[in-house]
Amino acid sequence: MPRYHTEQIRNMALMGHTGSGKSTLIEALLYRAHAIGDKGRVEKGTNHADFTAQERAHHHSLEPSFLSFDHNNHHINLIDTPGLSDFFGRAMLPLPAVESVLLVVHGDRGIEAVTQRAFEQARHQGKAVIIVINHIDGHLDKLEALVDEIQTRFGNACLPLNLPTPDGQVVVDCYFEPETDQTTLFSDVTSIHDELVDTVLEEDEALMELYLEQGESLSPEQLHAPLESALRQGHLVPICFASAETETGLVNLLRVITDVLPSPLEGTPPQFLKGFGDEEQPVTISQKHEDHVLAHVFRVGIDPFVGKMGVVRLHQGTMEAGMRLLIGDGRKPVKVNHLFKLQGKEQLELDRAVPGDILGLAKVDGLDVDAILHDSHDEDLYHMPRLEMPQPIFGLAVKAKKRGDEQKIAEVLHKLVAEDPSLHIEHQETQNETVLQGLGDLHVQIALEKANQVFNVDMDTAKPTVAYRETITASAEGHHRHKKQTGGAGQFGEVQLRIEPLGRGEGFQFESQVVGGAIPSQFIPAIEKGVKEAMSQGFLAGFPLQDIKVIVLDGKHHAVDSKEIAFVAAGKKAFLEAVSQASPVILEPLVDMHVIVPQDKMGDITGDLSAHRAMVCGTDALDNSHVDINVEAPLAALDDYATRLKAMTGGEGHYSMTFNRYEVAPPNVQQELTH
């Protein structure tokens, strides 16, 4: 492959809502740059970005994919990201590896749920954002209004770099060599050019003076440095027009990619930290090819035949095939036998890589998302800030279909989570359930489909059991004498105890008030053991009991026949007798929720929540025409909430929840659970 330097590299992630045309735009760019001979089609499963069997079957990007091409003496790394809201966690993974985000917006459908979230995440991480309005053919009458919508939602820093002609056949440059004699669909080239220059010069007084001295004229070369600063700080968000289908505007877009997007040396510097906890400190790296190697693993793929493939961004130093590298604070270096340039499903072997490039490493043990590769123990404690993944909101209980497959299931689940950190595994001991959690039902179903098709494991699934609990609402006493004689030594133990309700969340307390040696002290722990066994098995419906204080008042023992097993049994039966008289009830878990939805959907959302026993505690208006609804809800009412919210908001709503407390369940719920 041709050699290139760091300043010639451009790294960008294509993000946007599903159907906006990201994969088709990538095909058009690759074709224009002569990186491919024929353009593939998403609907035919022949495009280069969606190459896995699952993606071709579903006709959607489900995982980040990596492609590159050379154009005009530049090397461009493209990362295609999923556009379905269920896979937004996967779409976020490449952000630490790029300087720029191409936010693709459909010319007809405008700003959709993932578009909004992608813009916010890109700006939060200091990435340069360029908005590409795609599918302009056939939707020319909507483009001016769409620009207005973009400026309303994302700010007035969003300005066109080019404009379509009235027939949509040509896109007219407004920045590099403004074609002032061209008629455009709306606005005009001169006013757009002046606004762009004014925006770029706002932060550079010296250049503004030069601009005035030169008769209000500056070359793109003179504007380059302040332009990069404006992009980095979000003071300018360029808008470009294109049609991936007809290739209109592609030449303009390629020039924007090479001449406007920042190189690795011009983008927001990578955030490296050294140490952990109170000793954590930010560090500045040189990004020079001659310094120590520093590379960040931001994506891991696991293949049952090939093994683990790590995708890394090389930030500093030169990486060469055959070199030995350290992973994190590992003492023993690993040998990197092969370096790859990823081109869709193809792996093109490299002999070396320079800072700023993105490459693949195969068969290197210990590669996990967020691992740091380096060649000196000086960087043992280096790491990058962990991406804040969206919180899982949908789960399915999973178990092996075949007895004996439990260990295999556990290994495959951990492989799925290693590839996709927005998946979680939770083992709920009280229910003896393993729950796979994700960002939605489709997210979890696609993961289980992969487990079956790729790793050859099959699982039964069910809705997770709600973690109900039981407690008492009154004090009561219980008594039991355990006596057993079967020939030879017998069993004897007698226990009298009292139980009292504790405050919610106080758990379990146990004490002995036995006096005079009625029960020898060595048998008191056996009574507690019996009580705990009874509490774990429940009384009303088999749910564990909690928030109870147990006081052993009195009892009897036998010098020969009293044994630990007898007092375990006596304590258990005495406790259950007391519970039967202490007005036991079932508790249900309540959660705090933050539901983020468009303002015009708030009425539908609050109405639905109220109908499902949730209580709206307050609302906060957000800057992006959305509202944050603060809700307290019973967990049992939320088993299908991800699906309901998606249906009510067209995928634009999302929520997070945290456990709050247990409260007594309503009578109808109690009755349902006990019958």
Side-chain angles (χ1 to χ4, degrees), residues 12-29 31-32 39 41-43 47 49 59-61 78 80-85 101-119 122 129-175 182-189 192 237-257 260 598 624-625 650-652:
M12 59 186 191
L14 279 81
M15 303 183 76
H17 202 86
T18 185
S20 59
K22 300 183 299 296
S23 300
T24 305
L25 182 60
I26 286 176
E27 290 293 307
L29 290 170
Y31 182 73
R32 270 280 174 175
K39 289 191 290 185
R41 305 285 301 182
V42 173
E43 63 273 16
N47 65 307
H59 299 293
H60 282 295
S61 298
L78 301 172
D80 188 27
T81 65
L84 292 162
S85 58
V101 167
L102 257 65
L103 190 63
V104 185
V105 178
H106 194 288
D108 182 35
R109 301 206 301 262
I111 298 171
E112 299 171 272
V114 171
T115 319
Q116 180 79 42
R117 295 176 71 185
F119 180 83
V129 177
I130 288 187
I131 297 172
V132 179
I133 298 179
N134 192 19
H135 297 294
I136 62 171
D137 46 307
H139 307 296
L140 295 171
D141 58 323
K142 298 183 178 180
L143 298 184
E144 185 174 9
L146 178 52
V147 171
D148 291 340
E149 182 191 1
I150 289 170
Q151 292 175 336
T152 300
R153 295 279 284 272
F154 299 152
N156 291 327
C158 301
L159 297 173
L161 275 189
N162 48 50
L163 293 168
T165 55
D167 60 4
Q169 298 298 307
V170 176
V171 168
V172 181
D173 173 37
C174 299
Y175 179 71
Q182 284 270 31
T183 303
T184 53
L185 179 66
F186 59 91
S187 190
D188 63 88
V189 173
I192 291 294
V237 177
I239 300 173
C240 297
F241 293 86
S243 170
E245 286 287 346
T246 64
E247 299 186 25
T248 303
L250 265 289
V251 172
N252 307 65
L253 184 57
L254 282 168
R255 184 169 186 183
V256 170
I257 290 170
V260 172
N624 55 6
S625 301
E652 289 195 62

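We use all heavy atoms of the structure for the numbers below, so side chains are in, but hydrogens, waters and symmetry mates are not.
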Asker: Give a yes or no answer on whether the side chain of Asp173 reaches the backbone of Asn252 with a donor-acceptor pair at less than 3.5 Å.
Answerer: no
Asker: Could you measure the distance from the CG atom of Leu25 to the CG atom of Asn134? Nearest 0.5 Å is fine.
Answerer: 5.5 Å
Asker: To the nearest 0.5 Å, what is the distance between OG1 on Thr81 and CG on Leu14?
Answerer: 7.0 Å
Asker: Any side-chain heavy-atom pair from Phe241 and Leu163 closer than 4.5 angstrom?
Answerer: yes
Asker: Within the side chain of Asn162, is there an N or O that forms a donor-acceptor pair under 3.5 Å with the backbone of Cys240?
Answerer: no
Asker: Rounded at 0.5 Å granularity, tell me how far CD1 in Ile239 sits from CD1 in Ile131.
Answerer: 5.0 Å
Asker: Work out which heavy atom in Ala122 is nearest to a heavy atom in Val129; give both atom names and the distance.
Answerer: CB-CG2, 3.7 Å
Asker: Passes side-chain contact (heavy atoms from CB on, under 4.5 Å), Asn47 versus Thr24? Steps please.
Answerer: CA-CA 8 Å; Asn47 65 307; Thr24 305; over 6 Å; no
Asker: Distance from Ile136 atom CD1 to Gln169 atom CD, nearest 0.5 Å?
Answerer: 9.0 Å
Asker: List the residues meeting salt bridge (charged side-chain N to carboxylate O under 4.0 Å, His left out) with Arg41, not counting sequence neighbours, and say none if there are none.
Answerer: Glu43, Glu245
Asker: Show the nearest heavy-atom pair for residues Ala242 and Leu250, with the distance to one decimal.
Answerer: CB-CD2, 4.5 Å
Asker: Checking side-chain contact (heavy atoms from CB on, under 4.5 Å) between Val172 and each of Thr183, Thr184, Leu185, Asp188, which is the one that passes?
Answerer: Thr184
Asker: How many angstroms lie between atom OG of Ser23 and atom NE2 of His60, to the nearest 0.5 angstrom?
Answerer: 10.5 Å
Asker: With a 4.5 Å heavy-atom cut-off, do His106 and His17 have their side chains touching?
Answerer: no
Asker: Could you walk me through whether Leu159 and Ile192 satisfy the side-chain contact (heavy atoms from CB on, under 4.5 Å) test, starting with their C-alpha distance in whole Å, then the side-chain angles of each, then the deciding distance to 0.1 Å, before giving a yes or no?
Answerer: CA-CA 8 Å; Leu159 297 173; Ile192 291 294; over 6 Å; no
Asker: Rounded to the nearest 0.5 Å, how far does CG of Leu78 lie from CD1 of Ile257?
Answerer: 6.5 Å
Asker: Listed by chain and number, what are the salt bridge (charged side-chain N to carboxylate O under 4.0 Å, His left out) partners of Arg255, not counting sequence neighbours?
Answerer: Glu177, Asp259
Asker: Is there a side-chain contact between Val101 and Met12 in this structure, where contact means two heavy atoms from C-beta onward sitting under 4.5 Å apart?
Answerer: no
Asker: Phe154 vs Phe119 aromatic rings, parallel, tilted or perpendicular, using cut-offs 30° and 60°?
Answerer: parallel
Asker: Got a list of side-chain donor-acceptor pairs under 3.5 Å for residues 137-151, not counting sequence neighbours?
Answerer:
| from | atom 1 | to | atom 2 | distance (Å) |
| --- | --- | --- | --- | --- |
| Asp137 | OD1 | Ser243 | OG | 2.6 |
| Lys142 | NZ | Asp108 | OD1 | 2.3 |
| Gln151 | NE2 | Cys158 | O | 2.9 |

Asker: Is it true that a side-chain atom of Lys22 and a backbone atom of Gly16 form a donor plus acceptor pair closer than 3.5 Å?
Answerer: yes
